[in-house]
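Atoms within each ligand, like the ligands themselves, are counted from 1 in listed order.
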Amino acid sequence: MPLHALLATLLSTANQTSWRSCTSLRSLQDAGECSALASYARARPMNTARCGGSPGSCTPDEWVEGRALSQSHRRLKFLRDGSLPFTNIVRYEPGPPTAALMPPGKCVLGAEWLPLPLLERHAIAHDVVLLTFGLLNAQQPLGLSTCACLLAQAPGPRNAATQTPVVRPYTPVSTNAMRGKFQLMVKVYPDGLLSRHLAALPIGRTVAFKHIPVNVKVQYPFHARKIVMLAGGTGVTPMLQALHALLGTSDDATRVTLVLSNKEQKDILAGSILDAWTEAYSRKLRVVHTLTREPPASRWRGRRGRIDKPLLEEYMPRPASTSGALIFVCGPPSFYETLAGPRGDKGLSGLLAEMGFRADQVVRF
Ligand SMILES: Cc1cc2nc3c(=O)[nH]c(=O)nc-3n(C[C@H](O)[C@H](O)[C@H](O)COP(=O)(O)OP(=O)(O)OC[C@H]3O[C@@H](n4cnc5c(N)ncnc54)[C@H](O)[C@@H]3O)c2cc1C
């Protein structure tokens with residue numbers, strides 16, 4: 001075969017990112033990615049009915065488990081370029097809260113970056129995707145403790161100033177009851193470096209993950225009589241993780257108030273889960289929504305405006321009587337700064353300090 005024809009064939013195979021191309025075009029592709037796909041494929045049985053029984057004839061898209069396969073192919077069309085708003089939105093229904101608890105130090109991810117393949121992606125809101133990533137061992141859970149997050153890094157996007165790969169924290173919304181995979185709920189920003197990359201990543205391609213001890217923020221049981229969760233936008237994901245443990249443990253009597261701030265009603269992440277859990281656990285969980293940019297003419301009857309001192313005074317325990325109370329905070333940088341001071345600070349400042357709370361009563365995720 002002439003050289004240019006051979007190259008064209010090789011490149012077209014590479015574009016399909018098939019299993020065969022991954023092994024034969026190692027030099028043309030990210031080697032780390034190939035080896036992760038290879039280990040993943042070895043560790044997990046292929047969907048042989050669909051891909052003809054041989055690994056060589058199976059594209060990474062076909063590794064997606066049979067049940068969701070055809071749907072994923074269809075949805076991928078809408079999400080391939082990550083452009084917003086997403087259509088073809090499916091409902092995210094994780095079921096009842098599940099306390100599948102692990103102590104810190106048992107996560108299958110460690111301090112080294114480990115590339116893991118994207119198995120499925122579904123739009124669950126106009127700008128939110130639910131991503132399922134495969135683990136190398138199909139029998140093992142992620143093994144993350146509660147509460148903790150992962151760090152994700154993709155080879156594509158780079159920080160403009162340093163030209164280093166972009167790294168961002170994400171809190172899985174799946175629990176350790178899920179084996180061989182885990183799920184992230186990711187809000188996609190039109191100018192978001194990593195979230196846009198995740199929204200357009202082809203099924204079967206990898207993202208590198210790691211988990212380091214500093215990402216363990218607090219450990220269940222929380223030993224608190226009352227917990228107030230203050231969350232902005234995607235800051236709800238660590239709260240969902242904590243709620244799985246708190247509500248999923250039948251003899252846990254902690255009372256929880258989640259104050260959740262979003263721009264508009266359509267931005268409320270996991271709203272239907274929170275509604276269902278509030279209804280089922282009304283003695284333990286109360287959720288207060290506040291919207292900062294909901295159009296004035298809308299039918300929204302809930303609170304409006306940012307989380308400010310009057311709102312906090314309404315829902316927070318008095319600092320003097322707070323032994324046994326904990327406050328969890330997660331949101332964008334300005335959210336931490338206003339409420340508790342910068343995320344990395346040891347000391348407490350912001351509104352919570354003004355109200356008399358101590359640093360050891362506040363957990364910044
Ligand atoms: C402990 C922790 C857990 C997190 N878990 C999740 C999660 O499970 N799911 C998830 O989607 N995100 C989560 N985040 C936020 C996530 O880490 C990224 O900040 C987010 O995905 C944006 O990254 P990006 O590279 O796409 O955007 P960037 O390129 O960093 O920013 C793009 C634009 O989005 C704005 N922006 C960035 N982050 C936020 C934010 N958090 N809120 C509002 N505006 C923002 C920026 O101001 C900018 O205008 C978590 C953050 C923390 C601290």
**Message:** Under a 3.5 Å threshold, yes or no: a donor from one side chain and an acceptor from the other, between Lys226 and Thr257?
**Reply:** yes
**Asked** Ion pair present between Arg306 and Asp308, side-chain N to carboxylate O less than 4.0 angstrom?
**Response** no
**Message:** Do the side chains of Glu314 and Arg303 get close enough for a salt bridge, i.e. N-O under 4.0 angstrom?
**Reply:** yes
**Request:** Under 4.5 Å between side-chain heavy atoms, chaining through other members, with only Ile, Leu, Val, Met, Phe, Trp and Tyr counted: pull out the rest of the cluster around Ile212, sorted by chain and number.
**Result:** Trp113, Leu151, Val167, Val214
**Item:** Ser250: side chain to side chain contact (heavy atoms under 4.5 Å, CB included) partners, not counting sequence neighbours
**Value:** none
**Prompt:** What pairs with Lys309 under side chain to side chain contact (heavy atoms under 4.5 Å, CB included), at least two apart in sequence or on another chain?
**Reply:** Glu313, Leu351, Glu354, Met355
**Message:** Can you list every protein residue that has a heavy atom under 4.0 Å from any atom of ligand 1, sorted by chain and residue number?
**Reply:** Arg168, Pro169, Tyr170, Thr171, Met185, Val186, Lys187, Tyr189, Asp191, Gly192, Leu193, Leu194, Ser195, Thr234, Thr237, Pro332, Tyr336, Arg343, Phe365
